[in-house]
Amino acid sequence: MTRYNPSQTEPEWQAAWEAAGCFTARHDPARPKYYVLEMFPYPSGRIHIGHVRNYTMGDVIARYKMSCGFSVLHPMGWDAFGMPAENAAMEQGGHPKAWTYGNIAVMRDQMKPLGLSIDWSREFATCDPEYYGQQQAMFLDMLDAGLVYRKAATVNWDPVDMTVLANEQVIDGKGWRSGAVVERRELTQWFFRISDFAGELLDALDGLDSWPEKVRLMQANWIGKSRGLQFAFSTLDAPEGFDRIEVYTTRPDTLLGASFVAISADHPLAKHLERHDPAVAGFCADCRHVGTSEEALETAEKKGMDTGIRVRHPFDPEWELPVYIANFILMDYGTGAIFGCPAHDQRDFDFATKYGLPIPAVFVSEGADEAPLAEAYVPPKTEPVRYIRGFAGAALQTGEAAVDAAIAHCEAAGVGRGVTNYRLRDWGLSRQRYWGCPIPVVHCEACGVVPERKENLPVVLPDDVTFDLPGNPLDRHPTWRDCACPKCGAPARRETDTMDTFVDSSWYYARFTAPRAATPTDAAEVDYWMNVDQYIGGIEHAILHLLYSRFFARAMHKTGHLPAKAIEPFDALFTQGMVTHEIYMTRDAAGRPVYHLPEEVERAEGGVRLKANGAAVEVIPSAKMSKSKKNVVDPVAIIRDFGADTARWFMLSDSPPERDVEWTAAGAEAAYRHLGRVWRLADEIARSDAPALPDEDAALTRAMHRTIAEVTAGIEGFAFNSAVARLYAFTNTLAKSGAGAETRRMAMRTLAQLMSPMVPHLAEEVWQMLGGDGLAVQAAWPKADPAMLVEDTVTLPIQVNGKRRSEITVPKDMSKEEVEKCALADDAVQRALNGGAPKKLIVVPGRIVNVVI
RNA sequence: GCCCGCGUGGUGGAAUGGUAGACACAGGGGACUUAAAAUCCCUAGGCCGGAAGGCCGUGCCGGUUCGAGUCCGGCCGCGGGCACCA
């Protein structure tokens, strides 16, 4: 007898699908389309078990939609520009291009055995000149449309390596390679005007009702709309030209709680003072040694320096406040200056305490008196509080109301104006790196910044570069930089900055609709395929990638590359969890940790041991897989040992897709055993000649329809683990069923279809064994018969005081009164009542009965 | 530091405010086998009890409710993001 043998049959079915052209996306106006997209991978070198999970989920949706009659687009590509390729070139020699395309080839070969329903004819990498050339064309259109501009911005500068560092390359304020203390440096850089779209990007979140609420919330907070007051303090003893300091505050109601003014070290006043005062210069230099990331700024010790300058309080000419330079004020947000109200802001409180500044309370909780504060009092803005230093509105009001009243009062008094501010900053896209899309402009001494002519695109990266020196090889390339000005023809210099890789990933979804088009998009194709019906990816992209893509789609619309309907490119979003694994650790003689791969250890009596020498292994609970901790599982080995279907089945079972899943060898083996069980069951049923048995046949048919309904709902609702559980249950039901052979064959074929999106190879195998017509992948999705789902009785739990004490089974449509009667007659209820009458009787029809005593 | 999540048996997890632990893994017991593997069957949150049954139980503390894993407030722990990692 033959056995379940995935290593032989899986490649055969993949060949059969390819021969039948099952996964070629067809622009068929007669059929509804469905566009499934998983976030494309970075070609790091090998596929990861997390990729298997991500792409399996997308594949389930794609295959399910195919069998529901949709024309499906399910493409794959590579997010191929970025730092790791340059790092590899620096560390191991070679060229980023060779490294990247080599990795892509390996990963494509590793991915294909998974049997994904991908239309590989649409594959591209963002580092293909055909792709980035179109990106350059759009950049020029956006430049023309005023969506791109240049301004100065700060970067992390490594003074030893003489290079710009990414935030992740700054560790504890030092360069990762050189160890030198990082400096902030200003460079002129390119920006997208995303902040012009802040209000629209925020408002449009409401329409994204198939996005996770948490992602919408995170984006809304990131955009950070606030209503506040912008006004100026007039200064005393300030240098010329600085007679006013503009500040922005979201809490103008606390103006009478002001204790100090703090400005950023990058504020024009700070920069002015720096030039004349060595002490200020020293302090500002210190501030600039903190990296540019908000995290670094916020977690650094809060420090300030009194400038000696004083400002007058706008409501009291006698009241003077000191002006500090502080390391936690961002020049990029608001005006780069704030007033501190220590009583109602913890950061200001800490600052005031540190520098011995007053802490006057503005409001107290409703019934309280003013008393010295041990910490800042920061109640929710919606809570009514009593204002003791208020100046507008009622004494007792909410923070919200007080802010509105304060703005109105200040505007009337001529102190500033109410403004709406956004936290969202413009998107800096310049990168001082080689392996990215060149920014297609030229710097000409006579003409200034000149866009490259479209017919000269793509501006291709030169291949002859070296990575023996830090910094951007384009900057020191002997000939590439030199060019003629597209306007006047004089000798000019190419822009050597390349684009942020987020640009590449902000429109790839549109390119997949016409990947070989001679323009960025093809109107007919984007019109048919957009939007992405289901986008799937990691929660780590909740803010930046998704927000940039939403902006870019709008910018593409404005420049004629996308229709209006595509300005929100992703109709539905699903964020899946990570795959984790235990970490196995021993220690060397010096007590340093040594990590071990999962295949190097075994479970033995009394714990986990090394296979090599039996040494006891410390097991650290599940963590995100990382090479350095060696808790990685190689999908290639799993597929070799168990087959793709086992890997797919395991990735879908047990854990809910949005949550992290732990890979365990036992779980994978269990998945394999189950698939073998299904195979044997199919084999047994195919041979059976059992006669029909009306009761058994009817029961099995009912169970089958219930399973169809449950599995369909599970797939539609991204509850793959629940769908898998129903499939387990139905497999057990089918195995034990005494129904006749014909009914069991029908049920088995249905089971194969329901399993097909998840374990497509096994499904084909079973479908074929049971005489299914054609390929299972092309069969229409089974439909549950609603009549088969109706139950005529229902079991109601009976609670006494909220605790389950008994249950009754009653006809589904029994009246409330009769249910009450049955419940009260129940033994357990009688016992509890002990002859008395219930205080209350709650009957929720079809659900529960609660007797309150 | 700020924003967003998550926390349920030995394990992964299920559960429109309505029977907590579906479905599985590991475990225990049994069948088959010369034996093992494979397979099949039974069992299974903890405590007390022979059983019937009872008490406890969804990170911790409190609240709302006839009823809370689910809603609200406060804490603890873990994870994601913080604009140049992708």
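To find a chain, count down the sequence lines: A is the first, B the second, and so on, and within it residues start at 1. Just so it is clear, the values below take in all heavy atoms, side chains as well, and ignore hydrogens, waters and symmetry mates.
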Chemist: Pick base, sugar-phosphate or nothing for A:Trp427, based on heavy-atom distances below 4.0 Å to the nucleic acid.
Modeler: nothing
Chemist: Looking at the base of B:C84, is there any donor atom on it, or on the side chain of A:Gln432, that sits under 3.5 Å from an acceptor on the other one?
Modeler: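 Check passes, donor-acceptor contact within cut-off.
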Chemist: Pick base, sugar-phosphate or nothing for A:Arg347, based on heavy-atom distances below 4.0 Å to the nucleic acid.
Modeler: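 Answer is nothing: A:Arg347 stays at 4.0 Å or more from every strand.
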Chemist: When all nucleic acid strands are considered with a 4.0 Å heavy-atom cut-off, which category describes A:Phe502: base, sugar-phosphate, or nothing?
Modeler: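 If one applies the 4.0 Å heavy-atom cut-off, A:Phe502 turns out to touch a base.
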Chemist: Using residues 170-177 of chain A as the side-chain source, report each donor-acceptor pair under 3.5 Å to any protein atom, sequence neighbours left out, with the distance given to one decimal.
Modeler:
unit_1: A:Arg177; atom_1: NH2; unit_2: A:Asn87; atom_2: OD1; d: 3.3

Chemist: For residues 187-196 of chain A, which residues have at least one heavy atom under 4.0 Å from RNA chain B?
Modeler: A:Gln189
Chemist: Which one, B:A83, B:G18, B:A24, comes nearest to the side chain of A:Asn850?
Modeler: B:G18
Chemist: Between A:Trp190 and A:Glu495, is any side-chain donor less than 3.5 angstrom from a side-chain acceptor?
Modeler: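 A pair is found: one side chain offers a donor N or O, the other an acceptor, under 3.5 Å apart.
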Chemist: Closest to the A:Arg659 side chain: B:C84, B:C4, B:A14?
Modeler: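 From the listed options, B:A14 comes nearest.
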Chemist: So what does A:Gly428 touch, heavy atoms closer than 4.0 Å: a base, only the sugar-phosphate, or nothing?
Modeler: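 Sugar-phosphate, backbone atoms only, no base.
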Chemist: Compare the minimum distances between each of B:A22, B:C82, B:C40 and the side chain of A:Trp222, then state the nucleotide with the smallest one.
Modeler: B:C82
Chemist: Distance check needed: B:G13 P versus A:Trp649 CH2, whole Å only.
Modeler: 17 Å
Chemist: Students often get this wrong, so: under 4.0 angstrom with heavy atoms, is A:Pro656 touching a base, only sugar-phosphate, or nothing?
Modeler: sugar-phosphate
Chemist: Does A:Val852 or A:Thr299 map to a spot on RNA chain B nearer the 5' end, using the closest nucleotide for each?
Modeler: A:Thr299
Chemist: From C-beta outward on A:Arg726, which listed nucleotide comes closest to its side chain: B:A22, B:C82, B:G18?
Modeler: B:A22
Chemist: What is the base-pairing partner of B:A38, counting Watson-Crick and G-U wobble geometry with both distances under 3.5 Å?
Modeler: none
Chemist: Classify the nucleic acid contact of A:Leu841 as base, sugar-phosphate or nothing, counting any heavy atom under 4.0 Å across all strands shown.
Modeler: nothing
Chemist: Could you tell me whether A:Lys803 contacts a base, only the sugar-phosphate backbone, or nothing, with contacts defined as non-hydrogen atoms closer than 4.0 Å?
Modeler: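 Answer is sugar-phosphate: A:Lys803 comes under 4.0 Å of backbone atoms only.
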Chemist: Between A:Tyr508 and A:Trp78, do the side chains contain an N or O donor and an N or O acceptor separated by less than 3.5 Å?
Modeler: no
Chemist: Within the sub-3.5 Å range, which N or O atoms of nucleotides 71-74 of chain B have a protein N or O partner, and how far apart are they?
Modeler:
none

Chemist: Can you tell which of B:G1, B:U39, B:C85 lies closest to the side chain of A:Glu295?
Modeler: B:G1
Chemist: Would you please say whether a donor-acceptor pair under 3.5 Å links the side chains of A:Asn421 and A:Ser226?
Modeler: no
Chemist: Within the modelled atom types, does a donor on one side and an acceptor on the other bring the side chain of A:Glu294 and the base of B:C82 under 3.5 Å apart?
Modeler: no
Chemist: When you measure only distances, ignoring hydrogens and angles, does the side chain of A:Asn167 come within 3.5 Å of the base of B:C84 through a donor and an acceptor?
Modeler: no
Chemist: Does A:Arg847 contact B:U16 through a side-chain donor or acceptor facing the base, at a distance under 3.5 Å?
Modeler: yes
